[in-house]
Student: 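Got a structure here, written out as structure tokens. Questions coming.
Computed over heavy atoms, backbone and side chain alike; hydrogens, waters and symmetry mates excluded. Order of the sequence lines sets the chain letters (A, B, ...), proteins ahead of strands, with each chain counted from 1.
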2 protein chains.
Amino acid sequence: MDTAKPDTTSRILDVSERLFVEHGFEGTSLRMITQQAGVNLAAVNYHFGSKDALFEAVFLRRLAPLINACLSELDTLETQPEPSVEGLVMSFIRPCLMLSKDPSRGGAIFVRLLSRTLVENHRVLRETLSQQYSLFVERYSAAFQRVLPDLDAEERAWRMHFSFSVMFNAFAGNDVLKIFTRSQVVSARDPDMIVKHLLPYVVSALVAPARI
Amino acid sequence: MDTAKPDTTSRILDVSERLFVEHGFEGTSLRMITQQAGVNLAAVNYHFGSKDALFEAVFLRRLAPLINACLSELDTLETQPEPSVEGLVMSFIRPCLMLSKDPSRGGAIFVRLLSRTLVENHRVLRETLSQQYSLFVERYSAAFQRVLPDLDAEERAWRMHFSFSVMFNAFAGNDVLKIFTRSQVVSARDPDMIVKHLLPYVVSALVAPARI
DNA sequence: GTAAGTTTCAAACGTGTGTTCTAAACGCGC
DNA sequence: GCGCGTTTAGAACACACGTTTGAAACTTAC
């Protein structure tokens with residue numbers, strides 16, 4: 001057999017990631033996971049300890065690489081003498097784009113999981129991970145201050161807030177308007193297409209002159 | 001006793017709305033609802049038929065007024081000879097703002113519920129409600145075409161898409177960056193404050209000249 | 001080959017779920 | 001006061017949940 005299947009732990013993680021984003025934490029049962037992964041029901045509790053710990057493990061596997069990619073983008077950005085707003089925006093978009101196009105790292109699924117878990121306000125994101133990656137927002141705050149020095153701190157914080165919101169939800173595929181239309185009008189789900197329109201949108205909003 | 005409590009049906013709806021947004025559909029049990037509402041467990045199935053039907057009822061109570069408020073805003077907008085982008089954006093923001101400040105209509109809770117149910121991709125939003133309010137997106141598409149005639153259709157669709165995304169998530173309180181920081185830096189949760197910064201952000205992004 | 005350590009397996013545990021049932025209580029026209 | 005449709009009450013249903021157990025199967029080292 002050519003398709004040598006990976007070990008139990010990885011199979012559980014892969015299937016969990018997909019099912020958690022599809023049905024949420026509460027809506028995904030260990031029986032669904034173990035059945036689709038082709039492993040015994042007790043395997044989850046054996047390898048991870050509990051359903052909660054499994055959920056956390058699913059996150060830890062993907063989040064650290066994504067964060068580190070962003071931080072190293074910021075590193076190279078800071079070496080430049082005159083960093084642009086566009087460059088700063090791309091420093092977040094590029095890692096998301098990489099992730100979206102790499103199926104071996106979960107593809108676009110993980111961003112959707114992050115988004116879903118965010119609105120579900122799950123304990124893992126509130127307690128376990130929040131303090132662990134506070135560096136992320138500190139670094140980006142400093143970077144925004146550098147490229148948008150003319151804005152006062154409050155206005156800059158709001159624009160940064162809105163920008164991450166629209167970028168994050170674009171990659172997560174959260175199409176608000178799909179509530180009302182059966183067919184996905186615009187979100188062709190092609191990551192490159194998203195960026196092509198997302199980047200100018202965010203940059204335009206960021207560089208607009210401040211209201212007096 | 002002065003605090004004459006409303007009838008069983010309303011109490012169930014009020015409590016359900018709050019619990020569904022807090023714990024999600026799967027995470028909210030009928031026992032939680034009926035207990036907090038002070039009604040018998042069987043009351044939900046008697047008055048609504050099933051948990052699914054209750055969820056749908058929670059939506060129908062709030063969604064129609066919100067949509068209709070937006071549509072009537074569009075009506076008055078169309079009477080004006082030269083509608084502005086700002087006016088169009090406000091035609092969506094104003095009803096959201098009204099809703100957010102009116103506790104008797106659920107306050108900001110319902111927008112959060114809408115947001116949560118959207119990412120949960122629940123059947124109710126996918127099947128029951130999508131076709132019912134397709135007029136909403138048609139009307140807004142037409143309005144965007146009127147105020148932004150110089151953009152080609154594709155670019156306009158994307159900008160509209162992004163704009164609804166950032167507006168919707170702002171009112172829903174979906175703070176992406178709160179994953180990484182324990183304290184809510186910016187989202188002071190004051191609806192007027194949100195609009196003060198949200199409106200210029202969206203308008204700037206919408207009116208930016210198209211790339212060649 | 002055998003022993004020790006690791007992983008898998010089927011079965012069961014206790015608890016909580018949505019839903020249903022039947023009887024009791026209520027509201028109201030007459 | 002009586003009768004009838006509506007609502008509420010507690011109890012029970014069958015089922016699914018996360019977790020635990022103890023034995024079987026496998027892997028590794030000597």
Side-chain angles (χ1 to χ4, degrees), chain A residues 1 3-61 113 116-117 120 122-124 127-128, chain B residues 1 3-61 113 116-117 120-125 127-128:
Chain A
M1 184 77 90
T3 62
K5 53 186 182 181
D7 63 340
T8 303
T9 302
S10 298
R11 283 218 309 286
I12 292 177
L13 285 174
D14 290 338
V15 172
S16 298
E17 190 171 51
R18 185 167 47 81
L19 290 181
F20 278 143
V21 71
E22 205 166 334
H23 305 102
F25 180 76
E26 311 261 12
T28 305
S29 73
L30 294 184
R31 283 167 178 82
M32 292 165 64
I33 293 173
T34 52
Q35 208 164 308
Q36 294 206 22
V39 302
N40 189 268
L41 171 60
V44 168
N45 282 279
Y46 174 78
H47 286 282
F48 297 95
S50 67
K51 188 186 177 185
D52 269 287
L54 165 64
F55 193 63
E56 198 172 320
V58 169
F59 265 93
L60 290 176
R61 183 173 64 148
L113 177 60
R116 173 153 198 168
T117 310
E120 281 184 355
H122 192 276
R123 209 205 76 260
V124 165
E127 299 171 11
T128 312
Chain B
M1 183 74 90
T3 61
K5 53 186 182 182
D7 62 340
T8 303
T9 302
S10 298
R11 284 218 307 287
I12 292 177
L13 285 174
D14 289 339
V15 172
S16 298
E17 190 170 51
R18 185 167 47 81
L19 290 181
F20 278 143
V21 72
E22 206 165 335
H23 305 103
F25 180 76
E26 312 261 11
T28 305
S29 72
L30 294 184
R31 282 165 179 82
M32 293 166 62
I33 294 172
T34 53
Q35 208 163 306
Q36 294 205 21
V39 302
N40 189 269
L41 170 62
V44 167
N45 281 280
Y46 175 77
H47 286 282
F48 298 95
S50 68
K51 188 186 177 186
D52 269 287
L54 165 64
F55 193 64
E56 198 172 318
V58 169
F59 264 94
L60 290 176
R61 182 172 67 147
L113 177 60
R116 173 151 198 169
T117 311
E120 282 185 355
N121 203 21
H122 192 276
R123 210 205 74 260
V124 164
L125 241 55
E127 298 172 11
T128 313

Student: Would you sort out whether A/Val44 and A/Lys51 count as a side-chain contact (heavy atoms from CB on, under 4.5 Å), showing the intermediate values?
Tutor: CA-CA 7 Å; A/Val44 168; A/Lys51 188 186 177 185; 5.6 Å; no
Student: Contact between A/Gln36 and A/Asp14 at the side-chain level, heavy atoms closer than 4.5 Å - yes or no?
Tutor: no
Student: Between A/Arg18 and A/Val58, is a side-chain contact (heavy atoms from CB on, under 4.5 Å) present by the stated rule, with each step listed?
Tutor: CA-CA 10 Å; A/Arg18 185 167 47 81; A/Val58 169; over 6 Å; no
Student: Can you check each nucleotide of nucleotides 9-22 of chain D against protein heavy atoms at under 4.0 Å and return B for base, S for sugar-phosphate only, - for none, in 5' to 3' order?
Tutor: BB-B----BBBBB-
Student: Any side-chain heavy-atom pair from B/Val15 and B/Val39 closer than 4.5 angstrom?
Tutor: no
Student: Is a donor on one side and an acceptor on the other found under 3.5 Å between the side chain of A/Arg116 and the backbone of A/Phe25?
Tutor: no
Student: What would the secondary structure line of DNA chain D be in dot-bracket form, counting Watson-Crick and G-U wobble pairs under 3.5 Å, with [ ] for pairs that cross earlier ones and | for pairs with another strand?
Tutor: ||||||||||||||||||||||||||||||
Student: Working to the nearest 0.5 Å, report the span between NE2 of B/His122 and CZ of B/Phe20.
Tutor: 8.0 Å
Student: Please evaluate residues A/Leu13 and A/Leu54 with respect to the criterion side-chain contact (heavy atoms from CB on, under 4.5 Å), reporting the C-alpha separation (whole Å), side-chain torsions for both, the decisive distance (0.1 Å), and the verdict.
Tutor: CA-CA 8 Å; A/Leu13 285 174; A/Leu54 165 64; 4.0 Å; yes
Student: Out of curiosity, B/Glu120 CD to B/Glu26 CD, how far, rounded to the nearest 0.5 Å?
Tutor: 7.5 Å
Student: Could you list where the contact with chain B starts and ends along DNA chain C, reading 5' to 3', using a 4.0 Å heavy-atom cut-off?
Tutor: C/dT17 to C/dC21
Student: Please tell me if the side chains of A/Glu56 and A/Arg123 come closer than 4.5 Å, counting only heavy atoms from C-beta onward.
Tutor: yes
Student: Going by heavy atoms in the side chains, are B/Val124 and B/Thr117 under 4.5 Å from each other?
Tutor: no
